[in-house]
Amino acid sequence: MESRIDKKTKRLRRALKARAVIRRLAVARLSVHRTPQHIYAQVLAADGGTVIAAASTVQEKVREGLKATGNIEAAQAVGKAIAERAKAAGVTTVAFDRSGFRYHGRIKALADAARAAGLEF
């Protein structure tokens with residue numbers, strides 16, 4: 001019987017490779033996750049187990065003033081918010097973990113907004 005690998009498994013397999021490299025760098029990582037409706041971002045400590053800062057379109061403060069939560073404009077708002085929160089926690093340099101998603105569209109918009117707000121990666 002033929003076994004098929006689904007889309008999510010392929011994405012997670014791609015994510016493992018990037019995370020292995022980030023682990024060797026031993027720096028904080030900006031991890032991004034997207035769904036059709038929302039986008040989430042977390043800055044995790046170098047140990048990988050401690051969340052330093054988090055922002056998403058689910059949060060009221062990030063969502064205010066947005067027409068929708070699943071578009072590029074919302075991703076830019078999350079990028080700006082995560083950069084501000086990370087800097088407030090004392091983190092200025094991170095490694096970008098796109099979680100196996102293509103660096104395109106909302107993922108790229110979030111990264112560009114975080115860079116513009118002062119986060120370095």
Side-chain angles (χ1 to χ4, degrees):
M1 191 165 164
E2 184 182 323
S3 67
R4 291 187 173 251
I5 299 173
D6 65 336
K7 205 171 172 181
K8 184 177 180 183
T9 305
K10 286 180 183 178
R11 180 183 67 78
L12 293 174
R13 186 180 285 176
R14 284 191 303 270
L16 283 175
K17 294 173 189 174
R19 288 181 182 149
V21 172
I22 291 169
R23 204 172 295 117
R24 284 194 297 269
L25 293 174
V27 294
R29 74 182 160 111
L30 171 58
S31 181
V32 177
H33 181 73
R34 70 174 171 81
T35 64
Q37 197 124 54
H38 294 286
I39 190 155
Y40 309 84
Q42 291 182 322
V43 175
L44 297 128
D47 65 12
T50 310
V51 177
I52 298 168
S56 74
T57 52
V58 175
Q59 297 168 336
E60 293 276 332
K61 287 184 180 180
V62 177
R63 197 173 45 207
E64 65 189 26
L66 297 174
K67 292 178 194 161
T69 56
N71 58 14
I72 287 176
E73 186 182 310
Q76 289 169 339
V78 172
K80 185 177 178 219
I82 195 70
E84 289 168 356
R85 292 172 187 183
K87 287 195 309 187
V91 176
T92 56
T93 306
V94 295
F96 189 63
D97 175 9
R98 58 191 174 84
S99 301
F101 295 108
R102 289 192 312 155
Y103 187 79
H104 173 78
R106 290 188 289 155
I107 301 294
K108 184 177 187 294
L110 187 145
D112 291 343
R115 278 193 196 100
L119 212 54
E120 294 175 25
F121 54 94

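Given the structure is predicted, the values throughout are model-derived calculations rather than measurements.
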- prompt: Is there a side-chain contact between Val94 and Arg29, using heavy atoms and a 4.5 Å cut-off?
  reply: no
query: Linking I/L/V/M/F/W/Y whenever their side-chain heavy atoms sit closer than 4.5 Å, directly or via other members, would Ile22 and Ile82 fall into one cluster?
result: no
- prompt: Parallel, tilted or perpendicular for Phe96 and Tyr103, by the 30°/60° rule?
  reply: perpendicular
query: Which atom names give the shortest non-hydrogen contact between Ala117 and Ala83, and what distance separates them?
result: CB-CB, 3.5 Å
task: Please check if the side chain of Thr69 supplies one atom and the backbone of Gln37 the other of a donor-acceptor pair under 3.5 Å.
output: yes
message: Rounded at 0.5 Å granularity, tell me how far CD1 in Ile39 sits from CD in Gln76.
response: 10.5 Å
message: Would you say that Phe121 contacts Val27 through its side chain, given a criterion of any heavy-atom pair below 4.5 Å between the two side chains?
response: no
query: side-chain contact (heavy atoms from CB on, under 4.5 Å) with Leu30: which of Val91, Leu119, Asp97?
result: Leu119
field: Co-membership, hydrophobic cluster, residues Ile52 and Val32, 4.5 Å side-chain
entry: yes
Gap between atom NZ of Lys67 and atom CD of Glu73 - 0.5 Å precision: 6.0 Å
query: Side chain of Arg14, backbone of Thr9: donor and acceptor closer than 3.5 Å?
result: no
query: So, for Ser56 and Val62, which heavy atoms are closest and what is the spacing to 0.1 Å?
result: O-CB, 3.4 Å
task: Scan for side chain to side chain donor-acceptor pair (under 3.5 Å) pairs involving residues 78-96, sequence neighbours excluded, and state none if there are none.
output: Gln59-Arg85
task: Please check if Leu66 and Val78 belong to a single hydrophobic cluster, counting links between Ile, Leu, Val, Met, Phe, Trp and Tyr side chain heavy atoms closer than 4.5 Å.
output: no
query: Say you draw a straight line from OG of Ser99 to CD of Gln42; how long is it, rounded to the nearest 0.5 Å?
result: 9.0 Å
- prompt: Looking only at heavy atoms, what is the nearest atom pair of Arg98 and Ile107, with distance?
  reply: CB-CG2, 4.1 Å
message: Looking at Phe101, I'd like to know if the NZ or CZ of Arg11 sits under 6.0 Å from its six-membered ring centre while staying within 45 degrees of the ring's axis.
response: yes
- request: Might you confirm whether atom CZ of Arg115 has over 12 heavy atoms from other residues, nucleotides or ligands at distances under 6.0 Å?
  value: yes
field: Minimum-distance pair of heavy atoms, taken over all atoms of Asn71 and Ala68
entry: OD1-O, 3.6 Å
statement: Looking only at heavy atoms, the pair that brings Ala53 and Ala86 closest together is CB-N, 3.9 Å
- prompt: Measuring from Leu44:CG to Thr50:OG1, what's the distance to the nearest 0.5 Å?
  reply: 8.0 Å
query: What do the steps show when you test His38 against Thr57 for side-chain contact (heavy atoms from CB on, under 4.5 Å), and what is the final call?
result: CA-CA 6 Å; His38 294 286; Thr57 52; 2.7 Å; yes
query: Under the salt bridge (charged side-chain N to carboxylate O under 4.0 Å, His left out) criterion, do Lys10 and Asp6 qualify, and how do the steps go?
result: CA-CA 6 Å; Lys10 286 180 183 178; Asp6 65 336; over 6 Å; no
- prompt: Looking only at heavy atoms, which two atoms of Gly70 and Ala74 are closest? And how far apart?
  reply: N-CB, 4.5 Å
